Participant: 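Here it is, the structure in full.
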Amino acid sequence: MSAVAEARPWTRPQMAARLASDIPEGWYVNLGIGIPTLVADFVPTEREVIFHSENGVLGMGPAPAKADLDPWLINAGKQHVTLRTGGCFVHHADSFAMIRGGHLDLCVLGAFEVAENGDIANWATSENDTAPAVGGAMDLAAGAKRLWVVMEHSTKDGRSKLVRKCTYPLTAPRAVKRVYTNLAVLEVASEGFVVLDMAAGLSRDELRARTDAELIFPA
Amino acid sequence: MSAVAEARPWTRPQMAARLASDIPEGWYVNLGIGIPTLVADFVPTEREVIFHSENGVLGMGPAPAKADLDPWLINAGKQHVTLRTGGCFVHHADSFAMIRGGHLDLCVLGAFEVAENGDIANWATSENDTAPAVGGAMDLAAGAKRLWVVMEHSTKDGRSKLVRKCTYPLTAPRAVKRVYTNLAVLEVASEGFVVLDMAAGLSRDELRARTDAELIFPA
Amino acid sequence: MINKIVQSMGEAMAGMRDGATILLGGFGSVGQPNQLVDAVIETGARDLVVVANNSGGGHVGLALLMELGRVRRIICSFPRSSTSTVFEELYRAGKIELEIVPQGTLAERMRAAGAGVGAFYTPTSVGTKLAEGKETRVINGREMVLEHALHGDFALVEAWQADRWGNLTYRRSGRNFNPVMATAANVTIVQAQHIVELGTLDPEAIVTPGIFVDRVVHVPYGDPAI
Amino acid sequence: MINKIVQSMGEAMAGMRDGATILLGGFGSVGQPNQLVDAVIETGARDLVVVANNSGGGHVGLALLMELGRVRRIICSFPRSSTSTVFEELYRAGKIELEIVPQGTLAERMRAAGAGVGAFYTPTSVGTKLAEGKETRVINGREMVLEHALHGDFALVEAWQADRWGNLTYRRSGRNFNPVMATAANVTIVQAQHIVELGTLDPEAIVTPGIFVDRVVHVPYGDPAI
């Protein structure tokens with residue numbers, strides 16, 4: 001663990017910024033609750049990326065200034081938001097038609113675990129969670145063209161959230177394409193996680209030590 | 001046949017008017033092509049009946065005066081129509097959601113044959129009709145809360161169009177609730193056609209002679 | 001003259017009964033027909049099945065209906081929030097049944113009900129415990145799960161504008177589940193902020209055509225709480 | 001800056017290819033993207049599958065495309081009209097395949113494709129020869145037939161207004177199949193009567209959100225023929 005201390009893990013805003021830099025203009029993107037929500041802050045306004053919210057908002061803009069707050073306009077996280085010029089409103093069935101129909105270029109979610117085969121678990125913390133809240137997570141994970149996960153590399157008690165096999169109930173099997181953590185950016189490939197990028201000062205062995213899954217380093 | 005000559009069969013406008021008198025205010029109604037289209041003319045404007053057309057027009061009004069014709073507004077029969085105050089436009093999937101979802105109180109269609117169990121045949125004139133045109137007939141017959149048929153009692157060559165069993169390909173089984181012909185108004189009941197009304201001067205025996213199906217005359 | 005506007009909550013609630021399935025619009029603080037829920041409480045109906053995205057918050061609306069012991073079962077996608085304590089206590093005490101449905105599947109099941117579709121195959125929830133025991137089949141190379149139409153006896157809807165034919169518009173994210181639920185119930189009851197003359201609403205911009213609406217009551221409650 | 005407006009029919013048709021399935025909007029004389037069909041003719045693509053409500057009329061648009069021998073198969077609800085002689089001759093001569101689909105099932109199959117629903121059960125056509133050989137099941141006491149999603153490689157759409165994000169409105173009964181088809185194709189190409197500035201269209205009244213649209217070409221052809 002001490003070796004990792006020398007490394008400089010990315011902060012949450014840095015993780016969000018790193019992910020945001022990979023979103024090209026013109027994509028339709030749904031951002032989940034938590035770190036994913038931060039991503040929008042790092043897409044420069046001149047790069048037009050169209051954000052979708054499950055509750056029927058397409059073309060969502062940033063949080064309003066207090067004085068401009070519209071009580072009729074919230075996102076799926078129940079936060080007040082704005083609508084960009086060119087945005088529009090649809091009902092829930094049409095909103096999820098966009099999701100399920102594969103019209104979103106990207107969905108970004110947080111997760112409890114991501115497995116090396118792309119399985120994601122992000123909605124229930126145990127099989128015995130009696131009243132788990134799924135919301136739109138399963139629709140998004142199954143429906144978007146790409147699913148990227150942004151999350152801490154490890155749990156608070158130090159267990160890797162990148163795993164060989166998920167232990168928590170799945171949100172969707174084989175759905176994740178890419179993972180952004182505080183330590184690395186990883187692509188899900190047929191043989192395991194391919195490391196695309198690492199936090200400064202982190203060695204391959206250190207990353208392996210922190211990761212409970214197969215890691216592949218491109219030549 | 002000579003006995004029938006003494007009877008006074010209803011004209012097409014009379015058939016349409018007779019049917020129209022049975023439509024209460026507030027019903028949502030789809031009228032098929034042919035005699036059914038005439039029905040709208042006999043609903044007084046002060047009795048609000050809302051006409052639906054498959055191509056996404058709800059609240060259809062009568063044909064426009066030549067000078068007021070709107071080239072952008074047609075009905076399912078490809079005729080130019082008007083929109084009543086309070087009407088609206090929807091797309092085809094939503095329009096047929098209204099039909100299939102049982103939201104129309106009534107659909108009125110023409111038919112080649114209606115069987116005593118309510119089967120209707122109105123879209124193809126033989127099993128060998130190679131390119132028959134079904135349009136929205138099957139959706140309407142299966143979807144509306146009530147299906148009434150308005151048609152001549154007999155074919156041009158004198159065969160009854162009310163039959164024990166349809167010989168033409170079905171549009172929908174057990175769908176018709178009521179039939180308005182030039183000779184009678186009949187309700188489809190489990191035991192056969194119940195005669196609700198007859199053209200003036202027509203005897204029960206004459207109607208029986210003209211009908212190739214079970215007829216029941218209420219006491 | 002068609003007039004779906006009713007003058008009292010009593011008229012709006014006609015036919016409400018024990019055991020009814022109620023579709024309840026709204027998402028978060030927006031588009032919630034809270035005054036109609038209060039009216040349901042007034043009717044005394046119990047043993048209700050409620051379909052809503054959430055399981056209520058605080059001690060008002062759906063949460064109050066549950067607190068009064070009137071809800072037998074809730075069908076929702078997200079029964080957890082910082083203020084959903086009423087539901088959570090009832091659920092832990094075994095006093096309420098819960099069916100969790102993914103949010104998009106919930107919307108689509110009601111859309112199917114409104115559109116006369118009996119059931120449909122969706123990729124959502126395949127391979128998860130929410131698909132356990134459900135029929136699946138591979139369509140076009142993709143495994144899908146069979147989901148059935150979800151009908152209501154009543155839908156409670158919050159709209160922005162309504163006319164006497166029951167044509168409706170919504171306000172921004174107040175739209176949410178409301179137009180979908182309006183199509184999926186035997187009786188659709190609307191509380192509208194504004195009652196407008198027939199002909200006021202643009203025929204190209206009516207979101208819920210009156211064919212889906214049975215009763216409208218004027219409830220100009222103003223803006224949702226922030 | 002997102003800009004889906006293209007300046008030429010050539011750009012609009014990029015990727016058009018032999019064997020493509022084309023969803024073709026329009027109903028009767030209204031909402032027909034005839035100029036886009038002319039552009040398809042220009043590409044030379046053949047062996048096409050066309051999904052449309054009708055089978056074309058006269059010797060223009062779809063009828064011309066068929067007359068040129070470029071359509072292998074047509075999927076439609078109503079292949080007969082007083083002016084559909086081109087189709088009828090080709091069909092009698094065995095030079096074109098036909099799949100008849102009830103109009104509502106046709107719309108719903110494309111809606112399903114756009115919404116990611118693989119297949120659905122509908123009561124339409126049960127007990128008729130159009131359901132022969134199809135799987136059926138009884139749902140809620142009613143027999144229903146299984147129908148599959150119908151995807152297009154391209155959708156050709158006629159709209160009234162469009163902005164650079166591809167948001168669309170339609171004009172009266174010009175709406176018809178257009179918004180449904182726009183959701184159901186890999187590439188949706190729009191001919192719009194009016195190109196408007198972003199922000200001109202009311203966010204509450206956009207019928208096709210730009211997410212479903214790939215390319216827009218300005219075709220101010222005026223009113224449909226009467």
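Side chains included, hydrogens not; waters and symmetry mates left out as well; all remaining heavy atoms used. Chain naming here is simple, since letters A, B, ... match the order of the sequence lines and numbering starts at 1 in each. Computed from a prediction, not measured in an experiment: that's the story for all the values here.
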Participant: Looking only at heavy atoms and a cut-off of under 4.5 Å, which of A:P71, A:C88, A:G135 has the most pairs with chain C?
Facilitator: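 Among A:P71, A:C88, A:G135, the one with the most close pairs to chain C is A:G135.
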Participant: Should the pair C:W160 and A:W72 be assigned to parallel (<30°), tilted (30 to 60°) or perpendicular (>60°) ring geometry?
Facilitator: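 Perpendicular.
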Participant: Determine whether more than 12 heavy atoms belonging to other residues, nucleotides or ligands lie under 6.0 Å from atom NZ of A:K145.
Facilitator: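 Counting other residues, nucleotides and ligands, NZ of A:K145 exceeds 12 neighbours.
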Participant: What's the spacing between C:S77 OG and A:H92 NE2 if we round to 0.5 Å?
Facilitator: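 Between C:S77 OG and A:H92 NE2, I get 7.0 Å after rounding to 0.5 Å.
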Participant: Any chance NZ of C:K134 has more than 12 other-residue heavy atoms, nucleotides or ligands included, within less than 6.0 Å?
Facilitator: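 Above 12, so yes.
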Participant: Quick check on C:Y170 against chain A: is it the side chain, the backbone, both or neither that has a heavy atom closer than 4.5 Å?
Facilitator: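 Contact with chain A is absent: no heavy atom of C:Y170 under 4.5 Å.
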Participant: Among A:D119, A:V90, A:V81, A:V57, which residue forms the greatest number of heavy-atom pairs with chain C at distances under 4.5 Å?
Facilitator: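 So the answer, after comparing A:D119, A:V90, A:V81, A:V57, is A:V90.
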Participant: Can you list the residues of residues 142-149 of chain C that sit under 4.5 Å from chain A, counting heavy atoms only?
Facilitator: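 Those residues of residues 142-149 of chain C which have a heavy atom under 4.5 Å from chain A are C:R142.
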Participant: Could you walk me through whether A:K78 and C:N54 satisfy the side-chain contact (heavy atoms from CB on, under 4.5 Å) test, starting with their C-alpha distance in whole Å, then the side-chain angles of each, then the deciding distance to 0.1 Å, before giving a yes or no?
Facilitator: CA-CA 12 Å; A:K78 322 284 166 78; C:N54 293 76; 3.0 Å; yes
Participant: Are more than 12 heavy atoms, taken from residues, nucleotides or ligands other than A:R12, located less than 6.0 Å from that residue's CZ atom?
Facilitator: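 No, because the 6.0 Å sphere around CZ of A:R12 holds 12 heavy atoms or fewer from other groups.
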Participant: Could you have a look at C:P79, C:P123, C:A131 and say which one has the most heavy-atom pairs with chain A under 4.5 angstrom?
Facilitator: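 Of C:P79, C:P123, C:A131, C:P79 has the most heavy-atom pairs under 4.5 Å with chain A.
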Participant: Considering only heavy atoms, which portion of C:R171 lies under 4.5 Å from any heavy atom of chain A: side chain, backbone, both, or neither?
Facilitator: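 For C:R171, heavy atoms of backbone and side chain both lie under 4.5 Å from chain A.
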Participant: Considering only heavy atoms, give the residues of residues 99-115 of chain A separated from chain C by less than 4.5 Å, sorted numerically, with 'none' for an empty result.
Facilitator: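 Under the 4.5 Å heavy-atom cut-off, A:R100 qualify.
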Participant: Should the heavy atoms of other residues, nucleotides or ligands under 6.0 Å from CZ of A:R174 be counted, would the total exceed 12?
Facilitator: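 Open: at most 12 neighbouring heavy atoms sit under 6.0 Å from CZ of A:R174.
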Participant: Is A:S95 in contact with chain C via its backbone, its side chain, both, or neither, using a 4.5 Å heavy-atom distance?
Facilitator: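 Nothing of A:S95, per the 4.5 Å heavy-atom cut-off to chain C.
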Participant: Report the distance from atom CG of C:D223 to atom CG of A:L69, rounding to the nearest 0.5 Å.
Facilitator: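 Output value for this atom pair is 10.0 Å.
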Participant: State the NE2-CE distance between A:H91 and C:M181, to the nearest 0.5 angstrom.
Facilitator: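 Spacing of NE2 (A:H91) from CE (C:M181) equals 12.5 Å.
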Participant: Could I get the full list of salt bridge (charged side-chain N to carboxylate O under 4.0 Å, His left out) partners for C:R172, not counting sequence neighbours?
Facilitator: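 Scan of C:R172 (salt bridge (charged side-chain N to carboxylate O under 4.0 Å, His left out), adjacent residues dropped) gives A:D70.
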Participant: Out of curiosity, A:I74 CD1 to C:I226 CD1, how far, rounded to the nearest 0.5 Å?
Facilitator: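 Those atoms lie 11.5 Å apart.
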Participant: Which residues in residues 101-108 of chain C have any heavy atom closer than 4.5 Å to a heavy atom of chain A?
Facilitator: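 Listed by number, the contacting residues are C:V101, C:P102, C:Q103, C:G104, C:T105, C:A107, C:E108.
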Participant: Does the pair A:W123 and C:L130 meet the rule for a side-chain contact (heavy atoms from CB on, under 4.5 Å), with working shown?
Facilitator: CA-CA 11 Å; A:W123 71 290; C:L130 293 190; 3.7 Å; yes
Participant: Could you check which of A:A93, A:G56, A:G77 has the highest count of heavy-atom pairs closer than 4.5 Å to chain C?
Facilitator: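 The residue among A:A93, A:G56, A:G77 with the greatest pair count is A:A93.
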Participant: Just verifying a value: how many Å separate A:N55 CG and C:S173 OG, rounded to the nearest 0.5 Å?
Facilitator: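 So the CG of A:N55 and the OG of C:S173 are separated by 5.5 Å.
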Participant: Go through the atoms of A:F89 and report whether side chain, backbone, both or neither lie under 4.5 Å from a heavy atom of chain C.
Facilitator: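 For A:F89, heavy atoms of backbone and side chain both lie under 4.5 Å from chain C.
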